[in-house]
Amino acid sequence: MPEGHTIHRLARRHRQHFGGLQVAKSSPQGRFEEGAALLDGQVLDEVDAWGKHLFHRYDDLWLHVHLGLFGRFRDGRGEPDEPRGALRLRITTTDRWADLRGPTACEVLTAPERGVLLARLGPDPLRPDADRDAAAARIARSRAPIGTLLMDQSAVAGVGNVYRSEILFRHEVDPWLPGRELDPTTWEAMWDDLVVMMTAGVQSGRIVTTEPEHRERPEGRVRRVDASYVYGRAGRPCRMCGTPVERAELAARTAFWCPICQAR
DNA sequence: GCAAAATGTCAAG
DNA sequence: TTGACCTTTTGCA
């Protein structure tokens with residue numbers, strides 16, 4: 001399930017597998033029939049990702065996909081199986097296929113429509129053209145908690161619930177600290193760290209925010225339980241100080257934090 | 001067999 | 001702030 005790293009990883013994969021090729025499209029479920037027909041057989045000219053939004057360009061039209069909480073792409077080689085269940089979109093070339101299920105958005109956009117969408121997104125730490133200062137300025141003038149701002153896609157694009165809790169822990173910041181009270185130097189360090197963490201997420205396909213010395217098995221495959229400092233660890237001891245990790249709703253999602261390490 | 005939860009977003013009130 | 005929506009997986013009877 002997806003935060004920004006998942007989308008950038010998908011973009012890379014789709015570029016490799018489908019870029020420059022004629023791509024057939026269908027919507028076995030029927031909910032994207034018109035869009036699929038519109039793009040069917042066209043050549044994939046360009047793949048792009050911004051925050052949690054994925055784009056394919058086919059000539060002058062864009063396929064826009066947002067996975068939301070439940071959406072998922074699966075892909076493979078050769079002939080795909082008979083479509084089963086709620087399959088929103090299937091794309092195929094002569095030797096590859098990819099299936100999309102459960103997205104929040106799967107639609108065809110014109111370039112101007114895509115522009116409108118991008119205009120409401122903040123800088124994405126995974127994009128080389130990201131404007132770190134724009135995010136800093138937005139945070140510096142906001143009374144909203146930093147834990148809310150990190151989830152606000154118009155402030156920073158691509159951060160989700162896991163990276164939110166983890167980046168706050170790594171920089172010892174109270175999730176409820178108003179943005180305007182966050183030391184700008186701390187924000188710069190958090191941003192740079194987001195770039196590192198999320199880039200690693202693109203490479204590995206999973207979110208790992210713990211330093212090697214805080215993972216149970218530094219050598220072998222990192223077990224899921226060791227991948228985070230606080231996310232999903234409510235009531236269990238903080239890896240740094242042993243205090244039970246707290247959890248509470250913040251911006252309609254569950255935030256996790258250590259009340260001692262992240263005290264104001 | 002079914003409820004609940006899950007890395008998200010938007011519109012209505 | 002709340003509820004609705006998209007789907008799969010897990011855990012409990």
Side-chain angles (χ1 to χ4, degrees), chain A residues 1-11 27-33 35-36 49-55 63-75 81 83-90 98-107 109 113 116-122 124-126 143-145 147-170 175-176 194 197-210 222 224-235 245 247-257:
Chain A
M1 281 171 247
E3 297 194 21
H5 69 295
T6 305
I7 310 309
H8 282 261
R9 185 177 171 86
L10 274 173
S27 179
Q29 172 199 53
R31 290 189 50 174
F32 186 56
E33 240 166 19
W50 191 310
K52 299 167 188 167
H53 300 260
L54 175 69
F55 301 95
L63 170 68
H64 167 230
V65 172
H66 192 299
L67 295 178
L69 193 50
F70 313 122
R72 185 169 184 184
F73 262 109
R74 306 197 71 172
D75 62 50
D81 292 340
R84 286 199 323 278
L87 180 50
R88 184 75 58 88
L89 170 67
R90 167 170 284 176
D99 282 352
L100 171 64
R101 295 170 188 275
T104 287
C106 175
E107 59 185 349
L109 299 180
E113 287 169 338
V116 169
L117 195 164
L118 292 181
R120 8 176 207 95
L121 295 180
D124 174 353
L126 286 172
R143 270 164 297 199
T148 296
L149 292 165
L150 280 168
M151 296 285 278
D152 181 344
Q153 300 297 300
S154 68
V156 185
V159 173
N161 203 24
V162 179
Y163 282 123
R164 164 174 77 167
S165 283
E166 292 297 300
I167 207 73
L168 289 167
F169 177 86
R170 286 175 59 91
W176 275 267
L194 279 171
M197 294 293 114
M198 294 177 75
T199 300
V202 175
Q203 293 303 324
S204 68
R206 57 198 307 252
I207 300 176
V208 177
T209 58
T210 45
V222 179
R224 183 175 186 79
V225 68
D226 301 324
S228 68
Y229 283 111
V230 288
Y231 179 79
R233 301 192 64 244
V245 170
R247 66 175 274 166
E249 293 282 304
L250 178 56
R253 313 304 307 279
T254 309
F256 300 84
W257 77 102

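Below, read A as the first sequence line, B as the second, and so on, with proteins coming before strands; counting in each chain starts at 1.
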Margin query: It should be established whether R88(A) places a side-chain nitrogen or oxygen under 4.0 Å from OP1 or OP2 of nucleotide dC6(C).
Written below: no
Checklist line | Nearest-Å distance for atom pair CG/C1', residues L67(A) and dT8(C) | finding: 13 Å
Notebook entry, point to check: Can you tell me how far P of dT7(C) sits from CG of L69(A), to the nearest Å?
Noted result: 13 Å
Next item on the list: Using a cut-off of strictly less than 4.0 Å, decide whether K52(A) has a side-chain nitrogen or oxygen near OP1 or OP2 of dT7(B).
Entry: no
Item checked: N/O (side chain, Y163(A)) to phosphate O (OP1/OP2, dT7(B)) under 4.0 Å -> no
Next item on the list: With DNA chain C as reference, determine whether R84(A) or A252(A) sits nearer its 5' end, using the nearest nucleotide of each.
Entry: A252(A)
Checklist line | Atom-pair distance (CD on E107(A); C1' on dC10(B)), nearest Å | finding: 13 Å
Margin query: Nearest whole Å is fine: how far is dG8(B) P from D124(A) CG?
Written below: 14 Å
Margin query: In this structure, how many angstroms lie between the P atom of dT7(C) and the CZ atom of F70(A), rounded?
Written below: 10 Å
Margin query: For a 4.5 angstrom cut-off between non-hydrogen side-chain atoms, does V230(A) reach R247(A)?
Written below: no
Next item on the list: Round to a whole Å and report the spacing from CE of M151(A) to P of dC10(B).
Entry: 13 Å
Check: Does OP1 or OP2 of dT8(C) have a side-chain N or O of R72(A) closer than 4.0 Å?
Finding: no
Margin query: Can you check the distance between dT8(C) and dC10(B), where both ends of the measurement are the P atom (answer in whole Å)?
Written below: 22 Å
Note to self: Considering every strand and a 4.0 Å limit on heavy-atom distances, what is the contact class for E166(A): base, sugar-phosphate, or nothing?
What the structure shows: nothing
Notebook entry, point to check: Using a cut-off of 4.0 Å on non-hydrogen atoms, how would the nucleic acid contact of R120(A) be classed: base, sugar-phosphate, or nothing?
Noted result: sugar-phosphate
Notebook entry, point to check: Distance check: side-chain N/O of R164(A) vs OP1/OP2 of dT7(B), anything under 4.0 Å?
Noted result: no
Checklist line | Whether H53(A) and H64(A) hold their rings parallel, tilted or perpendicular, with breakpoints at 30° and 60° | finding: parallel
Item checked: Atom-pair distance (CZ on F73(A); P on dT7(B)), nearest Å -> 21 Å
Notebook entry, point to check: Would a distance-only check, ignoring hydrogens and angles, find a side-chain to backbone donor-acceptor pair under 3.5 Å from R74(A) to D99(A)?
Noted result: no
Margin query: Has R101(A) got a side-chain atom pairing as donor or acceptor with R88(A)'s backbone, closer than 3.5 angstrom?
Written below: no
Check: Is the distance from OP1 or OP2 of dG8(B) to the nearest side-chain N or O of Q153(A) less than 4.0 Å?
Finding: no
Next item on the list: With P as the reference atom in both, quote the distance from dG1(B) to dC6(C) in angstrom, rounded to an integer.
Entry: 23 Å
Checklist line | Nucleotide nearest R31(A) when distance is taken to its side chain, options dT7(B), dC6(C), dT7(C) | finding: dC6(C)
Item checked: H66(A) vs dT9(B): side-chain N/O to OP1/OP2 distance below 4.0 Å -> yes
Note to self: For Y231(A) and F256(A), take the angle between the two ring planes, folded into 0 to 90°, and tell me which bin it lands in: parallel under 30, tilted 30 to 60, perpendicular over 60.
What the structure shows: perpendicular
Notebook entry, point to check: Atom CZ of R74(A) to atom P of dT9(C): distance rounded to whole Å?
Noted result: 7 Å
Next item on the list: Among L10(A), L54(A), T104(A), find the residue that satisfies the side-chain contact (heavy atoms from CB on, under 4.5 Å) test when tested with L67(A).
Entry: L10(A)
